[in-house]
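Atoms within each ligand, like the ligands themselves, are counted from 1 in listed order.
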Amino acid sequence: MESYDILWKTALPEIEKNVSAVSYSYHICNLFPVDVIGNRLVLCTKAKILASQITDTLKDKILSAVKTVNEEISEIAIVVANDREEYLSLYESEQASKVAPKGSVINPKFTFDNFVVGASNQFICAAAKAVAERPGDSYNPLFIYGGTGLGKTHMLMAIANYIKLHKPSLNVLYATCEQFTNQMVESLSKGNFTPQKFRDIYRNVDVLLIDDVQFLAKKQATQIEFFHTFNELVMQNKQIVLTSDRPPKEIELLEERLRTRFEGGLLADVQPPDLETRIAILRRKAEEQKCIVDIKVLTYIAEFNDEDIRSLMGKLTKVLFFSKLREAPITIELTKEALKESANGNKEELEIDDIISCVCNFYKISKQDLLGKKKNKEFVEPRQICIYLITDMMNVPLATIGQKMGGRDHTTVIYARDKVSDLMKTDKKTATAINDIKKMLLKQ
Ligand code: ADP
Ligand code: MG
């Protein structure tokens with residue numbers, strides 16, 4: 001159960017005491033909790049008319065009841081939506097339309113509750129929880145490192161979401177190292193965004209979460225700025241959490257004093273998951289998509305021994321997709337067929353060319369431009385999304401994808417895939433576009 005559910009369930013008896021029986025069954029029972037943002041509890045109702053009645057007459061009573069459970073909640077928002085999913089998409093598009101230079105949007109979908117814990121990741125999870133519960137006075141900094149796709153970004157967002165719920169007054173900032181660097185560089189370029197503004201953003205936070213600090217390697221100016229930000233925050237007992245794909249000592253050309261700082265807190269590493277954990281994760285992901293998949297099938301997929309969870313989930317997506325395409329139940333046979341590598345990609349039901357054409361149609365660009373070398377944003381983005389879609393929906397070797405995508409290297413394919421996969425977490429527009437293209441493909 002999510003924390004806002006618990007909050008709401010605990011508050012309900014309290015609310016019942018304060019409102020009439022009719023109002024309780026008519027208004028309150030038609031509300032369901034969906035989120036906590038800052039110190040605001042968000043409740044949804046399906047009917048517009050109820051929303052306005054509740055807002056007019058019951059909000060204060062609800063608030064005072066909720067306060068008895070968590071006194072930091074200071075506001076109740078009533079939103080009209082059919083379910084949490086619809087609410088999330090409304091909320092995210094609202095966030096996306098605000099051009100905030102402050103870090104990234106924290107995706108409410110990544111929480112401790114939906115992180116499957118096993119031997120390989122229990123250390124980072126325990127460390128992250130400790131930090132989320134007592135920011136600033138457990139380990140500072142917490143430095144999480146490990147291979148790609150093992151849940152590091154998930155952990156950062158879980159910390160952010162936990163603090164948003166339990167300590168809504170704290171100011172949490174999540175940013176990728178790339179963002180930090182870009183904003184710093186931008187602040188030096190004499191525009192509206194001055195160095196002072198940059199510092200205001202990064203030095204006035206209670207919790208700073210920076211993802212992928214391995215990208216600090218070789219960036220001297222950024223390292224200096226980072227060092228000062230770091231010191232200032234730690235001196236004020238503010239929490240810092242960093243992630244990296246490698247331990248500090250393996251980050252090339254990292255200034256010694258910065259390395260010492262990184263190692264001064266807790267270093268927590270995450271390992272690839274064992275079979276049991278992989279099965280548990282797959283089961284969880286299938287459930288999230290409201291699919292019941294037989295344990296034999298889950299085991300079959302998990303036995304591929306993927307090192308990272310992203311590609312494990314990719315396999316599950318392929319199987320679910322294949323079953324929809326065929327309108328057939330998810331059996332072992334279907335799974336085998338869906339995951340069978342075809343040497344040239346031609347024998348797939350859905351061909352790479354279909355995806356390429358669909359992406360071209362969607363973005364209204366020519367195939368030549370999609371596959372070509374032009375670096376304009378209007379081509380690069382669809383190109384990377386196209387690569388992502390092929391890796392996500394089909395099971396062909398990366399080298400084949402590179403070849404089909406205009407003769408690109410397999411490392412380019414990996415880069416594009418990971419970039420889009422990360423972007424989808426924070427950028428609603430990209431996530432929606434990808435979903436729409438998938439729907440178009442399914443209808444073909
Ligand atoms: P990293 O930042 O380490 O590259 P991510 O945090 O982006 O990896 O994880 C990749 C994907 O795998 C995400 O969708 C994440 O939610 C999922 N994931 C990773 N570990 C777990 C886990 N233990 N339980 C559930 N989902 C997980
Ligand atoms: Mg990451």
Proximal ligand 1 atoms for N121, defined as those under 4.0 Å from one of its heavy atoms:
23 (N)

With respect to the Mg ion (ligand 2), please indicate if T153 possesses an N, O or S atom at a distance under 2.8 Å.
yes

So CD1 of I144 and CG of D269: to nearest 0.5 Å the spacing works out to 10.5 Å

Closest non-hydrogen protein atom to atom 21 (C) of ligand 1, residue and atom name please, with distance?
F115 CE1, 3.5 Å

Taking the six-membered ring for Trp, are Y139 and F143 ring centroids under 6.0 Å apart?
no

Taking only non-hydrogen atoms of T148 and a 4.0 Å limit, the atoms of ligand 1 in range are 4 (O)

Winner among K425, E288, K152 once heavy atoms are compared against atom 7 (O) of ligand 1
K425

Where is the nearest protein heavy atom to atom 14 (O) of ligand 1: which residue, which atom, and how far?
M313 CE, 3.4 Å

What I want to find out is whether D35 reaches R40 closely enough, with some N-O distance under 4.0 Å, to be called a salt bridge.
no

What I want to know is whether I281 and ligand 1 share at least one N or O pair that is separated by under 3.5 angstrom.
no

Can you check whether N107's main-chain N or O pairs, donor with acceptor, with N161's side chain at less than 3.5 Å?
yes

Counting heavy atoms under 4.0 Å, the part of N114 that contacts ligand 1 is backbone

Could you please spell out the steps behind the ring pair (Phe, Tyr, Trp, His ring centres under 6.0 Å) verdict for Y145 and F262?
CA-CA 11 Å; Y145 70 92; F262 287 176; over 10 Å; no

Flag for D113-T111: side-chain donor and acceptor within less than 3.5 Å
no

Heavy atom of K109, distance to ligand 1 below 4.0 Å:
no

Does ligand 1 have an atom that lies less than 4.0 angstrom from a heavy atom of R310?
yes

Residue-ligand contact V117/ligand 1, heavy atom below 4.0 Å
no

Rounded distance (nearest 0.5 Å) linking atom CG of L254 with atom CZ of R261
12.0 Å

Whether the D418 and S421 side chains hold a donor-acceptor pair (N or O, under 3.5 Å, no angle test) is what I'd like checked.
no

Which residue and heavy atom of the protein sit nearest atom 13 (C) of ligand 1, plus the separation:
F110 CE2, 4.1 Å

Salt bridge present between K336 and E333 (N-O < 4.0 angstrom)
no

So, applying side-chain contact (heavy atoms from CB on, under 4.5 Å) with V205, which one of D200, L233, L170, V172 is it?
L233

Among all the protein's non-hydrogen atoms, which is closest to atom 16 (O) of ligand 1, and how far away is it?
H154 ND1, 2.7 Å

Counting from 1 in the order shown, the ligand 1 atoms closer than 4.0 Å to a non-hydrogen atom of K285 are 16 (O), 25 (C), 26 (N)

Distance to 0.1 Å, residue and atom name: give those for the protein heavy atom nearest to atom 4 (O) of ligand 1.
G149 N, 2.6 Å

Distance in Å, I251 CD1 paired with R259 CZ, rounded so as to fall on 0.5 Å steps:
7.5 Å

Would M157 count as a contact of ligand 1 if the rule is a heavy atom under 4.0 Å away?
no

Using heavy-atom distances only, which candidate in L312, D211, I309, V116 approaches atom 18 (N) of ligand 1 most closely?
I309

Provide, to 0.1 Å, the distance between atom 8 (O) of ligand 1 and the closest protein heavy atom, together with that atom's residue and name.
G151 N, 3.1 Å

